[in-house]
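The structure appears below as structure tokens.
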Amino acid sequence: MPALRQHSIEVILANQAPGGAFVACPTMPDYQYSWFRDGSYIAYALDLVGEHAAAHRFHEWAAGVIVVHRAAVTRAEACIAEGRPLDDAAILHTRYTIEGTVGADWWPNFQLDGIGTWLWAVGDHARRWAATHGARDPREDLPAGWREAIETAARYLAALWRVPNYDLWEENGNQRHAYTQAAVWGGLAAAAGLLDRPDLLDAANAVRAELLDVTDQIGHFTKFLPGSDSAPDSAPSGGVDGSLIGVALPHGAVPVGHPAFACTVALIERGLRAEGGGVHRFAGDEYYGGGEWILLTAWLGWYYAATGQRERAAELLAWIEAQADARGNLAEQAPQHLIHPETYQPWVGQRGPIAQPLLWSHAMYLLLCHALEETS
Ligand code: BGC
């Protein structure tokens, strides 16, 4: 639907601050922050639709924030070296205000996936930016401030990747998560290339080897990795999470055709997709009752398009388009098939209606449109 594609671009651009940050959702008070995670996918989508300057402004913002908060990384490295627990001054936050300052919210901030995803996205953007500016090598065109930010973010991930941290849904802070580790791998691999640092690739490979270990044991990826604060030697639990699609797409820890990955997607389709509908985050999700997430549905469609299953991808695209409101705005989740209907109203009471428009939903819709166009 060209109208929804165009509207998605407009919603995103209209909600980019002059300094480059994107608010996650303009109408929800709790979502007035700019997340590295959401923003990286949004910037990637902008690059795919040719809005390179806007994507560039986001990366400019993100690089600036990391440089301003770089003392946290030195402190994190010292904590790890001395065996001390990390405190708030030793972490890069997962979200900042649009001005790049630390927010006053109560949400957990220690999440490594957003920083990993930013490194992957800035690497991708640097290649496209160089190509549109006639440079043959993206490293030639990298602004000095970005280089420092990339190096700082990579040091942070290399120091902390073994430490349990909150997942991309901002839950389970005492665990380690396959999606997060894939994002860390993707980020470190991108930084290794941008900075010519083979040592970063060694760290990336160690992260990936551990991630693949689980698949050797049980044949597919799982939401949690074994080993956490509470149960260091626990075996991997068999449960999946919709975000595991990200292990291959975009993070490339394995190719989309990898058998363990195909098995993981089949488990997501069987266990987390509402019949004929969208994709839930994980079994037992209670956030706003645990509806079907637009962005995960687009993510699954992206996988189907990338593996030549166009009809399935088109079916998911049509479902997403049917969820847009009269103005064409896409929400975070659709509340038709709730896992826990009893938790829906309490969340509405606490935060207001489900976030809409959610910029990340619009971005993932654009990624799916693009994947379908590419394979037509
Ligand atoms: C989600 C995060 C997301 C944030 C902003 C949270 O509810 O769990 O994944 O980054 O909203 O969109």
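Ligands are counted one by one from 1 in listed order, and the atoms in each one are counted from 1 as well. Since this is a predicted model, take the numbers as computed values, not measurements.
Remark: distances from the non-hydrogen atoms of Glu332 to ligand 1 include one below 4.0 Å. Taking 4.0 Å as the cut-off, Tyr33 does not count as a neighbour of ligand 1 on heavy-atom distance.
In this structure, a donor-acceptor pair under 3.5 Å is absent between the side chains of Thr101 and Glu99. The closest side-chain donor-acceptor pair between Glu286 and Thr343, if any, does not fall under 3.5 angstrom. Looking only at atom types and distance, the side chain of Tyr287 has no donor-acceptor partner in the side chain of Gln333 under 3.5 Å away.
In this pair, Tyr33 and Trp35 present their aromatic rings perpendicular. The plane angle is above 60°, beyond the 30 to 60° band.
Residue Leu168 has at least one heavy-atom neighbour below 4.0 Å for each of these atoms of ligand 1: 2 (C), 8 (O), 9 (O). Less than 4.0 angstrom separates some heavy atom of Leu358 from each of these atoms of ligand 1: 12 (O). Atoms of ligand 1 lying under 4.0 Å from any heavy atom of Arg281, numbered from 1 in the order shown and given with element: 8 (O).
Summary of contacts: the protein heavy atom closest to atom 11 (O) of ligand 1 is Tyr31 OH, 3.2 Å.
Taking every heavy atom of both residues into account, Ser8 and Tyr365 meet most closely at OG-CD2, 3.5 Å.
The N/O atoms of Trp360, backbone and side chain alike, include none that comes under 3.5 Å of an N/O atom in ligand 1. At least one N or O atom of Asp38 sits closer than 3.5 Å to an N or O atom of ligand 1. Every N/O-N/O distance between Ala24 and ligand 1 stays at or above 3.5 Å.
At a heavy-atom distance under 4.0 Å, atoms from both the backbone and the side chain of Trp169 approach ligand 1.
Checked against the 6.0 Å centroid criterion, the rings of His251 and Trp185 do not qualify as a close aromatic pair.
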Evaluation steps, ring-ring contact (aromatic ring centres under 6.0 Å, His included), between His69 and Tyr96 = CA-CA 11 Å; His69 297 281; Tyr96 289 89; 4.7 Å; yes
